[in-house]
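Quantities reported herein were computed from a predicted structural model and do not represent experimental measurements. All residue numbers in this chain count up from 1 along the given sequence. The analysis underlying the following values was restricted to heavy atoms, covering all of them including side chains, and did not include hydrogens, waters or symmetry mates.
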Amino acid sequence: MANIKSQKKRIVTSEAARLANKSKKSRIATEVRKFREQIAAKDFDQADMTLKTIVSLIDRARLDNVYHANTASRKKANLARELHTAKSAN
């Protein structure tokens with residue numbers, strides 16, 4: 001445990017931020033799981049709607065510095081590619 005007062009405060013704030021970030025990442029992961037289930041079920045209209053939700057969540061997480069800009073962009077691109085590939089295969 002830290003001895004310095006400012007470091008004790010920093011431990012508390014960083015733990016609060018960690019939990020907030022964990023919550024945001026968990027929400028995104030849940031939506032991605034739903035998205036992949038919809039693709040597997042060939043429900044592409046619903047998958048389009050879910051993708052829009054995921055992109056919005058990722059963008060908000062990016063603004064809150066949960067994700068680096070390139071990471072957020074990569075995640076969005078990979079999901080869009082996944083949907084496009086599944087639609088093309090049909």
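- Taking every heavy atom of both residues into account, Phe44 and Ile39 meet most closely at CE2-O, 4.3 Å.
- The closest side-chain heavy-atom distance from Thr53 to Phe35 is not below 4.5 Å.
- Note: His68 NE2 to Arg74 CZ = 10.0 Å, rounded to the nearest 0.5 Å.
- Here CG of Leu57 is found 15.5 Å from CZ of Arg62. Values are rounded to the nearest 0.5 Å.
- Shortest non-hydrogen contact noted between Ala80 and Leu51 is CA-CD2, 4.1 Å.
- Under the 3.5 Å distance criterion, with hydrogens and angles disregarded, a donor-acceptor pair is assigned to the side chains of Asn78 and Arg81.
- Ile4 CD1: 12 or fewer foreign heavy atoms inside a 6.0 Å radius.
- Remark: side-chain polar atoms of Ser73 are not paired, donor with acceptor, to backbone N or O of Ala69 under 3.5 angstrom.
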Please list every donor-acceptor pair under 3.5 Å in which a side-chain atom of residues 23-32 meets a protein atom from a residue at least two apart or in another chain.
| unit_1 | atom_1 | unit_2 | atom_2 | d |
| --- | --- | --- | --- | --- |
| Lys24 | NZ | Asp64 | OD2 | 2.8 |
| Thr30 | OG1 | Ser26 | O | 2.9 |
| Glu31 | OE2 | Lys34 | NZ | 3.3 |

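- Counting all heavy atoms, side chain and backbone alike, Ala2 lies closest to Gln7 at CB-CG, 3.5 Å.
- Atom CD in Gln38 sits 10.0 Å away from atom CZ in Arg33 (nearest 0.5 Å).
- Residue Asn70 holds its CG atom at 13.0 Å from NZ of Lys75, rounded to the nearest 0.5 Å.
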Start with the C-alpha distance between Ser56 and Arg60, add both sets of side-chain angles, then the distance that settles side-chain hydrogen bond (donor to acceptor under 3.5 Å, both in side chains), and finish with yes or no.
CA-CA 6 Å; Ser56 175; Arg60 270 188 263 151; 3.2 Å; yes

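- Interatomic distance, CD1 of Ile54 versus NZ of Lys76, reported as 12.0 Å (0.5 Å rounding).
- With contacts defined as side-chain heavy-atom distances shorter than 4.5 Å, the pair Leu79/His84 does not qualify.
- There is no path of hydrophobic side-chain contacts, each under 4.5 Å, that joins Val66 to Val55.
- Between Asp48 atom CG and Gln46 atom CD the span is 9.5 Å, to the nearest 0.5 Å.
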